[in-house]
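Before any comments, here is the structure.
Numbered from 1 within each chain, the chains take letters A, B, ... in sequence-line order.
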Number of protein chains: 2
Amino acid sequence: MNFFEQTGKMAIGSRLRLLTGRITDDSAMLYQLYGFDLTPKWFPVFFVLSQNEALSITEIAQQIGHSQPSVTKIIKEMTKAGLVKSNLKSADKRQNLVGLTAKGKLLAASIQVQYQDVAAAIEDLENQATYHLWEAVAEWEFLLDQQSLLSRVKQQRKLRESKDVTIVGYSPKYKKAFKELNEQWITKYFELEQADKDAINHPQSYIINKGGQILVALYKNEPVGVCALIKMDHPKYDFEMAKMAVSPEAQGKRIGYMLGTAIIEVAKKAGATYLYLESNTKLTPAINLYYKLGFEKIPSSPLLISGQISIWN
Amino acid sequence: MNFFEQTGKMAIGSRLRLLTGRITDDSAMLYQLYGFDLTPKWFPVFFVLSQNEALSITEIAQQIGHSQPSVTKIIKEMTKAGLVKSNLKSADKRQNLVGLTAKGKLLAASIQVQYQDVAAAIEDLENQATYHLWEAVAEWEFLLDQQSLLSRVKQQRKLRESKDVTIVGYSPKYKKAFKELNEQWITKYFELEQADKDAINHPQSYIINKGGQILVALYKNEPVGVCALIKMDHPKYDFEMAKMAVSPEAQGKRIGYMLGTAIIEVAKKAGATYLYLESNTKLTPAINLYYKLGFEKIPSSPLLISGQISIWN
DNA sequence: TTTAATTATATAACTGGTTATGCAAATTTA
DNA sequence: TAAATTTGCATAACCAGTTATATAATTAAA
């Protein structure tokens, strides 16, 4: 199996498929060896039916983890083989209650010896092994229930991509980016007010020269996010965090979070203890980010959330 | 997954199938997420082709562990998608040498980031687990290479069935069985001689009364095997082991072996140090059994093997 | 050097599952 | 209580693999 040494673990799906096929093939031969008229694909259905007097198609499907049409087909085949009787009396006329026939029950009783031998063989095999397949599979099921493989890979991608993101200070070459990124999202949700226009068109004079700061997030050396710290003249708040914008194409790389923590760092170094922030509550993802950064809601104003950093001190 | 707790490990095939499906489904979505025009089933072929300039269909099939028609179909699809060019120049005109196109090579290069993310996600998952799926699968492959599941179950069956076998001493109620079992196999291969007839028709007078012994193997209380110890008047050999017969229906339950070890035990208790045995070499399974019991060939006679017990002392 | 056997591939037919869909019965909602 | 929604099932169509088989090219054997 040199192939899988080359691919590494990302081929786990292919590798599992091959092993499964191997086991299923041998299982088919086992039923033959013991002289039972059964196929591996009937097994799960047969097993649950031997544990229950009668079940509906859907109940069986749920218990064994198959789709409902799969069970319908299997039941049809098993009925033909005389193992199962369907359409038993049910109060719910949509349901097709099925159960084992006398022949099926006889088979269920006599197949016990085969079950024992197979269980013993697998137990023996697992005892020879240092890694345990059964438990490993159970654990993967559990871990994938908690978070799917898809979502785990997405998380890894974010992690990797955030390594390609650097945060730099403002310089005139980012003037255009600062304007466009802010324009983009503000016009999407609101109208551009004069104060907005002033700030995003003239960051140097309206923000930096007044004691503020601007940070730019670069992804592969292209500016994809900005954030500003605006000097406030207020007894409690030293700065306002504002004009945070991230390009939609660069979403999902935790750029907002990186800009936020960086700007807080800058504010701290400038001696600030509280930051002010205004946001419309309808911008849910942004609000979540602010909470994550440590901002808290000021109860007074219902529509806006303003906040203060409670993280430090 | 309560179902698999009920079935126990004999449902390992079904359980693996479900897990495999789950992983494959997520893999398909991953290719979509990263924007690559690839499906999970192409992956093994695509991977080996990205490692080799050109391969024949059969070579690919062997490397990835698929059937040849499966690869043929996949190559057809990938050719249609422009990833693969087939019928490259080959000395052997039967062969269909295939390799990646420029587009395929580009894809191979750009998909590396996805590979990395998937590998990292799986690595992370395995690090969270106490049992390790990848290694467990590799170990099962190895153990099944050594001995198939089918053969392991057969072994367990023998073991179980040999527990239902008991060895008892001769009594007149086994007279018929002793005769029939011996008649059955002797007439199958040879002619019944007068000495044979005497012994199998009158075991009491011809064997036991002359200082010999007879053991009977019972399977579910039915006599299915016999073996005799015949007193010899010889300077070296105390007894001859003879008239061993096992019913064909009871074959494969290690009954011959059990009878043999029991009769040797009896001989030991009677003070014997060497046993004599004659057999025609064409009875290969029997010969193997005798060797297993500790008999050795007497070089002089080519057609017969006679022997001596060298196990004890 | 024919002839026979083997090898490489393609194709057809099958298998054990899946999703999509439509219909009838049951349940919930207005 | 009529209308809308949900549920249970069967059927159809598909999918990713398989085995069986035919054909052409190559290799081995007579």
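- Heavy atoms of B:T39 sit nowhere under 4.0 angstrom from any nucleic acid atom.
- Under the side-chain hydrogen bond (donor to acceptor under 3.5 Å, both in side chains) criterion, the residue pairs touching residues 30-39 of chain A are A:Y34-A:D117, with sequence neighbours excluded.
- A:L18 places its CG atom 12 Å from the C1' atom of D:dT18, with the value rounded to the nearest Å.
- Between A:T72 and the phosphate of D:dA10, there is a side-chain N or O to OP1/OP2 separation shorter than 4.0 Å.
- The side chain of B:K41 sits closest to D:dA16 out of D:dT18, D:dA16, D:dA25.
- Along DNA chain C, the stretch of nucleotides lying under 4.0 Å from any heavy atom of chain B spans, 5' to 3', C:dT7 to C:dG17.
- As rounded to whole Å, 13 Å separates atom C1' of D:dA16 from atom CH2 of B:W42.
- A:S279 places no side-chain N or O within 3.5 Å of a backbone atom of A:I287 that could act as its donor or acceptor partner.
- The salt bridge (Lys or Arg N to Asp or Glu O under 4.0 Å) check on A:K41 picks up A:E77, with sequence neighbours excluded.
- Taking side-chain N and O atoms only, A:K73 has no distance below 4.0 Å to OP1 or OP2 of D:dC9.
- As a whole-Å value, the separation of A:I60 CD1 from D:dC9 P is 9 Å.
- In summary, A:K105 and A:E53 engage in a salt bridge, as defined by a charged side-chain N under 4.0 Å from a carboxylate O.
- Sequence order on DNA chain D of the closest nucleotides to A:D25 and A:P69 puts A:P69 first from the 5' end.
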Derivation and outcome, side chain to side chain contact (heavy atoms under 4.5 Å, CB included), residues B:T20 and A:L19: CA-CA 10 Å; B:T20 306; A:L19 180 60; over 6 Å; no
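- Residue contacts shown for B:S67 include a base, since a base heavy atom lies under 4.0 Å away.
- Residues from residues 43-53 of chain B with heavy atoms under 4.0 angstrom of DNA chain D: there are none.
- Applying the salt bridge (Lys or Arg N to Asp or Glu O under 4.0 Å) test to A:E139 and every residue at least two apart in sequence or in another chain returns nothing.
- Across the protein-nucleic acid pair, B:R17 atom CZ and D:dA16 atom P stand 15 Å apart, rounded to whole Å.
- Scanning atom types as modelled, one donor and one acceptor separated by under 3.5 angstrom connect the side chain of A:Q68 and the base of D:dA10.
- Nearest heavy-atom pair across A:W134 and B:F4 is CZ2-O, 3.4 Å.
- Summarising the geometry, the separation between CG on B:N96 and C1' on D:dA25 is reported as 14 Å, rounded to the nearest angstrom.
- Within the structure, salt bridge (Lys or Arg N to Asp or Glu O under 4.0 Å) contacts touching residues 150-159 of chain A (residues at least two apart or in different chains) do not occur.
- Donor-acceptor pairing under 3.5 Å is recorded for the side chains of B:Q147 and B:Q155.
- Rounded to whole Å, atom P of D:dA16 lies 13 Å from atom CE of B:M78.
- Taking only side-chain nitrogens and oxygens, B:S70 never comes nearer than 4.0 Å to OP1 or OP2 of D:dG17.
- One can find a donor-acceptor pair under 3.5 Å joining the base of D:dT7 and the side-chain atoms of A:R94.
- By the 4.5 Å heavy-atom criterion applied to side chains, A:V98 and A:I60 are counted as neighbours.
- Taking atom NZ on B:K93 and atom P on D:dT27, their separation rounds to 12 Å, with Å as the unit.
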